[in-house]
Amino acid sequence: LIALTGQEAVLQSKELALQFSDDGYEFQAYDGEKWQPLEDDETLRQRTLPDDLVLEYRAEGEKMTLGSDDDDKKAPPRIYFLSSGEVSPFELTLHRRGGSEAYTLTGDVRGKTELKGPDDAH
């Protein structure tokens, strides 16, 4: 979905984003004034994460833990997909609450992603 969103941003000449919330994520488009959910796209629809899944998001040196009990009221984190083909670099780490195994997905400015799991050498 991340690769598809990057391609759609270029093909449609739109600024798109993947916005995270405490319980999931949704894809959005910038309408010139604000970010709006992509409601007419079945593939890039809003999704809810399982209750026991914790998502840690890191970008530009800042880390946010979503699905935690923190009362952090910062703006929701987004991965930006620009019509130029650039993507805001990011690192997403997913793990089960209380679990020790984690999966980390990283993305660079060109939109290249890499997934590392618990069995991968660090």
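Index from 1, following the sequence.
Residues meeting the salt bridge (charged side-chain N to carboxylate O under 4.0 Å, His left out) test with Arg47, sequence neighbours left out: none. By the salt bridge (charged side-chain N to carboxylate O under 4.0 Å, His left out) test, Glu101 is found to be paired with no residue, residues two or more places apart in sequence or in another chain being considered. In terms of the side chain to side chain donor-acceptor pair (under 3.5 Å) criterion, Gln7 has no residue partners (sequence neighbours excluded). Residues that satisfy the side chain to side chain donor-acceptor pair (under 3.5 Å) test with Ser84, not counting sequence neighbours, are Glu86. With sequence neighbours excluded, no residue forms a side chain to side chain donor-acceptor pair (under 3.5 Å) with Asp41. Under the rule for a salt bridge (charged side-chain N to carboxylate O under 4.0 Å, His left out), the partners of Glu91 that lie at least two apart in sequence or sit in another chain are Arg58. With sequence neighbours excluded, the residues that form a side chain to side chain contact (heavy atoms under 4.5 Å, CB included) with Gln12 are Glu8, Lys14. Residues passing the side chain to side chain contact (heavy atoms under 4.5 Å, CB included) test with Pro89, sequence neighbours excluded: Val109. A search for side chain to side chain donor-acceptor pair (under 3.5 Å) contacts involving Thr5 returns nothing, not counting sequence neighbours. Under the side chain to side chain contact (heavy atoms under 4.5 Å, CB included) criterion, Ser83 pairs with Glu15, sequence neighbours left out. Residues forming a side chain to side chain contact (heavy atoms under 4.5 Å, CB included) with Ile2 (at least two apart in sequence, or on another chain): Leu18, Phe81, Phe90, Leu105, Thr113.
Counting non-hydrogen atoms of neighbouring residues, nucleotides and ligands closer than 6.0 angstrom, the CZ atom of Arg110 reaches no more than 12 such neighbours.
Side chain of Thr48 to backbone of Asp23: no donor-acceptor contact under 3.5 angstrom is found. Of the possible donor and acceptor atoms, none in the side chain of Tyr30 sits under 3.5 Å from a partner among the backbone N and O of Ala17.
With a 4.5 Å cut-off on side-chain heavy atoms, Tyr57 and Tyr25 do not count as touching. With contacts defined as side-chain heavy-atom distances shorter than 4.5 Å, the pair Glu39/Gln46 does not qualify. Residues Phe20 and Leu92 have side chains in contact (heavy-atom distance under 4.5 Å, counting atoms from C-beta outward). With contacts defined as side-chain heavy-atom distances shorter than 4.5 Å, the pair Leu115/Thr104 does not qualify. For the pair Val54 and Leu94, the minimum side-chain heavy-atom distance is 4.5 Å or more.
Pairs engaging residues 24-37 under the salt bridge (Lys or Arg N to Asp or Glu O under 4.0 Å) rule: none recorded [sequence neighbours left out].
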Does the side chain to side chain contact (heavy atoms under 4.5 Å, CB included) test come out yes or no for Val87 and Leu82, once each step is laid out? CA-CA 6 Å; Val87 177; Leu82 305 181; over 6 Å; no
Phe27 and Trp35: ring-ring contact (aromatic ring centres under 6.0 Å, His included), yes or no, with the steps? CA-CA 9 Å; Phe27 295 90; Trp35 291 97; over 10 Å; no
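Residue Leu53 is grouped with residue Leu1 when hydrophobic side chains (ILVMFWY) are merged at heavy-atom distances under 4.5 angstrom, including chains of intermediate members.
Heavy-atom minimum distance, Arg45 versus Glu42: NH1-O, 3.2 Å. Scanning both residues, Tyr80 and Ser88, for their nearest heavy atoms gives N-OG, 2.7 Å.
In this structure, Asp52 pairs ionically with Arg96, as a charged nitrogen and a carboxylate oxygen lie closer than 4.0 Å.
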